[in-house]
There are 2 protein chains.
Amino acid sequence: MDTAWLSEDEEHAWRAFRRLLIALPARLGRDLARDSGLSSADYEVLSTLSEKPNRRWALKDLAAKMEWSRSRLSHHAARMQGRGLIDKEPDPQDARGCILHLADGGFRVLEEAAPHHVVAVRSRFLDHLSSDELAVLRTLSTRIADLPN
Amino acid sequence: MDTAWLSEDEEHAWRAFRRLLIALPARLGRDLARDSGLSSADYEVLSTLSEKPNRRWALKDLAAKMEWSRSRLSHHAARMQGRGLIDKEPDPQDARGCILHLADGGFRVLEEAAPHHVVAVRSRFLDHLSSDELAVLRTLSTRIADLPN
DNA sequence: GAGCTTTCGATGACATGTCAACGACCGTAC
DNA sequence: GTACGGTCGTTGACATGTCATCGAAAGCTC
């Protein structure tokens with residue numbers, strides 16, 4: 001029913017890819033939780049924050065960068081603040097705004113987590129792709145992700 | 001930080017693919033909700049149920065097929081039953097068990113939803129891939145999804 | 001067939017995500 | 001400078017997913 005109007009090839013490819021779409025994030029998330037006590041969402045927030053030299057982002061900019069809603073980031077940031085991973089500061093440029101800052105605790109957790117995560121990305125994904133496959137996957141992913149929403 | 005120990009190529013490919021991993025399910029889910037009032041999870045349950053000639057699966061088997069926990073399916077099935085999409089029947093083979101049955105209402109909703117969903121999968125994904133890319137994606141997805149959990 | 005272990009689905013507590021609404025503040029136009 | 005529409009982050013209600021636990025029933029061993 002699902003794939004009634006797809007060719008054999010399309011149907012098989014779509015089914016296989018859909019399995020990957022479910023399985024890979026689930027496995028990486030489990031690894032992350034086991035190794036570092038972080039969720040994938042936590043990790044993404046911490047690592048994106050760490051990209052800026054001063055480890056600070058305005059909430060709205062961080063939300064845009066990660067393609068999260070401001071509401072989601074607001075909720076999540078409140079929880080991460082409670083765990084001492086990040087701080088919130090008022091935005092001197094805009095009194096409505098809010099600056100998120102990677103706290104020292106969060107930085108240490110991220111430093112601890114990153115190498116394990118890289119190992120996981122390798123062992124569950126990169127190590128099993130040829131460089132040709134990697135190149136194809138990159139161009140194809142970029143093309144499709146860049147389509148209008 | 002995230003990708004400190006990946007090569008340039010690996011890092012770019014991984015970033016691009018991760019974007020796809022987030023964006024594609026989100027877009028298809030939005031399309032599905034808009035066109036049919038179903039979540040992706042709803043659609044997966046309905047379409048998997050419809051695969052059996054009698055439209056029935058034991059809860060545990062359906063959960064295994066979809067790689068969901070029994071708990072998750074139990075919760076979700078209760079909600080879908082409330083909406084008239086599926087029925088629950090006692091399992092004659094196993095008094096602990098539970099048979100999920102695609103109700104007429106659910107079947108109609110699925111029949112309505114499926115063509116729209118196929119169009120969405122094409123326009124947001126398949127139409128933008130060459131047959132070579134599709135073949136590469138299929139073998140690569142299968143290989144990685146088949147890795148041990 | 002009695003006792004022990006496992007499996008099944010349900011349940012409640014909790015974590016997480018979405019959505020609509022809100023007050024506060026910004027920027028612009030007048 | 002004030003009125004107005006848009007943007008900011010927060011909030012609460014709700015939907016969904018996870019986890020540990022439970023009672024019931026099945027399967028296994030003897």
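Both backbone and side-chain heavy atoms feed into the values below; hydrogens, waters and symmetry mates do not. Every chain is numbered from 1 and lettered A, B, ... according to where its sequence line falls, protein lines coming before strand lines.
On a pure distance criterion of 3.5 Å, no polar donor-acceptor pair joins the side chain of A:Arg72 and the base of C:dT18.
Of the candidates C:dC8, C:dA24, C:dA10, the closest approach to any side-chain atom of A:Arg96 belongs to C:dA24.
Put simply, the side chain of A:Arg79 does not reach to within 4.5 Å of the side chain of A:Asp42, judged on heavy atoms. Put simply, the side chain of A:Gln81 does not reach to within 4.5 Å of the side chain of A:His76, judged on heavy atoms.
Cation-pi geometry between A:Lys65 and A:Trp57 is not met at under 6.0 angstrom from the ring centre and within 45 degrees of the axis. Cation-pi geometry between B:Arg55 and B:Phe107 is satisfied (NZ or CZ under 6.0 Å from the ring centre, within 45° of the ring normal).
Judged purely by distance below 3.5 Å, without hydrogens or angles, the side chains of A:Asn54 and A:His101 never pair a donor atom with an acceptor atom.
Rounded to a whole Å, the CG atom of B:Asp61 is 14 Å from the P atom of C:dT7. Atom P of nucleotide D:dC8 and atom CH2 of A:Trp68 are separated by 18 Å, given to the nearest angstrom. Atom NZ in A:Lys60 sits about 7 Å away from atom P in D:dG9, given to the nearest Å. Atom pair A:Leu38:CG and C:dT16:C1' shows a separation of 15 Å (rounding to whole Å applied). Atom CD of B:Gln81 is separated from atom P of C:dG9 by 14 Å (rounded to the nearest Å).
Here B:Asp91 lies out of heavy-atom contact (under 4.0 Å) with every strand. Counting non-hydrogen atoms under 4.0 angstrom, A:His75 reaches a base of the nucleic acid.
Side-chain N/O atoms of A:Lys88 include one lying less than 4.0 angstrom from OP1 or OP2 on D:dT10. Taking 4.0 angstrom as the limit, B:Arg79 places a side-chain polar atom (N or O) nearer than this to OP1 or OP2 of D:dT16.
The nearest heavy atom of DNA chain C to A:Arg70 and to A:Ala95 marks one nucleotide each, and the one closer to the 5' end goes with A:Arg70. If A:Ser71 and A:Asp42 are placed on DNA chain C by their nearest nucleotide, the residue sitting closer to the 5' end is A:Asp42. Of the two residues contacting DNA chain D, namely A:Ala58 and B:Gln93, the nearest-nucleotide position lying further toward the 5' end is that of A:Ala58.
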